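Source: prediction; values computed, not measured. Whatever order the structure lists them in is the order used to number ligands and atoms, beginning at 1.
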Amino acid sequence: MPKTKTIKKIAVLTSGGDSPGMNAAIRAVTRKAIVNGMEVVGVQKGYQGLLEEEFIDFSMRSVSDTIQRGGTILRTARSEEFKSDEGKKKAAEICREYKIDAVVVIGGDGSYKGALGLSHEGIAVMGLPGTIDLDIACTDYTIGFDTAVNTALEAIDKIRDTSTSHERCSIVEVMGRNAGYIALWCGVASGAEDILIPEKYTYDEQDIINHIIESRKIGKTHHLIINAEGIGHSTSMARRIEAATGMETRATILGYMQRGGSPTCKDRYYASIMGAMASDLLYEGKINRVIGYRNGEFTDFDIDEALSMTKSISEYQYDIARVLAH
Ligand code: F6P
């Protein structure tokens, strides 16, 4: 393993789903590393690009005009080959061949698992939390979540206007295959009557139907349901709800429009600080860490420890959502 101040060349890649703010992170990693005297290569298309040696030598100017852009300038991929032991061995050999001492991985916890595997093959790694889903246990913030929820909320507000005007029920499906953070935040912030998230949903549609009937009785003119992608089936759910309640019900699936787009100020700021920290930690010889934001501070954790942590949706916050939508 490299010792203190022996990391001379780093690679940076984005992996898994893209998220707004990834470019700000790439820019910060690159510029801080160069200022620290390190060489930087950008790896295109995540771990797959690493296996295919898709490297670009980065200078200060390589990351110009990127901070405001959504997506990832490095592109991203999900690599089956890298998941295997042979894949990780091959990636480590390629790093040694190119004299890459450390790889900075911007992605979700699946990408962190890949990074941990690479560290076991003798390549130093550093993780940055890049996912719109907020589902990385060691951190209260992930790069892209803020933009995603604000993009989704803007759309939900518009749907709500139409829903109210026509006295309809609207089901809006937001992203989050395994995690309900986007749905919870958008649900609370839009005043949704029901929020369906994979962590809590009981699959009892009658409960929703009863809620709609009760709400109508107390004078509510519309009913907004935020449904997480992990539960899905919004269109057929709308048909069943309409049949059972008599209330006209429409489903809207927001999809990828909430994953792209120009990052918010918060996502640019946090990604910039985290990216710079990643390069500074490597410069100081601190390796196999992941950066997080916890209790109001930017911090770092051992990658192994970070992957063993768990986090869950707060019962209180979930329960209060329904009370506030009365
Ligand atoms: O980036 C996170 C996410 O949007 C999840 O909410 C979703 O489960 C997943 O990515 C879907 O990604 P893709 O459609 O690219 O496989």
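Heavy-atom contacts of Arg259 reach the following atoms of ligand 1: 1 (O), 3 (C), 4 (O), 9 (C), 10 (O), 11 (C), 12 (O), 13 (P), 15 (O) (cutoff under 4.0 Å). Close approach to Arg78 involves these atoms of ligand 1, each under 4.0 Å from a residue heavy atom: 10 (O), 12 (O), 13 (P), 15 (O), 16 (O). Those atoms of ligand 1 that come under 4.0 Å of a heavy atom in Asp133, given as number and element, are 2 (C), 3 (C), 5 (C), 6 (O). Within ligand 1, the atoms closer than 4.0 Å to a non-hydrogen atom of Tyr256 are 13 (P), 14 (O), 15 (O), numbered from 1 in the order shown. Those atoms of ligand 1 with a heavy atom of Met175 less than 4.0 angstrom away are 4 (O), 6 (O).
Residue contacts with ligand 1 for Asn178 are absent, since no atom lies close enough (heavy atoms, distance under 4.0 Å).
Checking only distances, Gly176 does come within under 3.5 Å of ligand 1, N or O to N or O.
Other residues, nucleotides and ligands place no more than 12 heavy atoms under 6.0 Å from the OH atom of Tyr316.
Between Tyr270 and Thr142 the shortest side-chain heavy-atom distance does not fall below 4.5 Å.
A donor atom on one side chain and an acceptor atom on the other are not found under 3.5 Å apart for Asn150 and Thr264. Under the 3.5 Å distance criterion, with hydrogens and angles disregarded, a donor-acceptor pair is assigned to the side chains of Ser262 and Arg268.
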Margin query: Could you go through Tyr201 and Asp194, starting from their C-alpha distance and side-chain angles, then the distance that decides it, and tell me whether this counts as side chain to side chain donor-acceptor pair (under 3.5 Å)?
Written below: CA-CA 10 Å; Tyr201 188 48; Asp194 282 292; over 6 Å; no
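Nearest protein heavy-atom neighbour of atom 11 (C) of ligand 1: Arg177 NH2, 3.2 Å. When only non-hydrogen protein atoms are considered, atom 7 (C) of ligand 1 lies nearest to Glu229 OE1, 3.4 Å.
Taking the charged nitrogens against the carboxylate oxygens, Lys266 and Asp146 have no contact shorter than 4.0 Å, which rules out a salt bridge. One finds a salt bridge joining Glu154 and Lys158 here, because a Lys/Arg side-chain nitrogen approaches an Asp/Glu carboxylate oxygen to under 4.0 Å.
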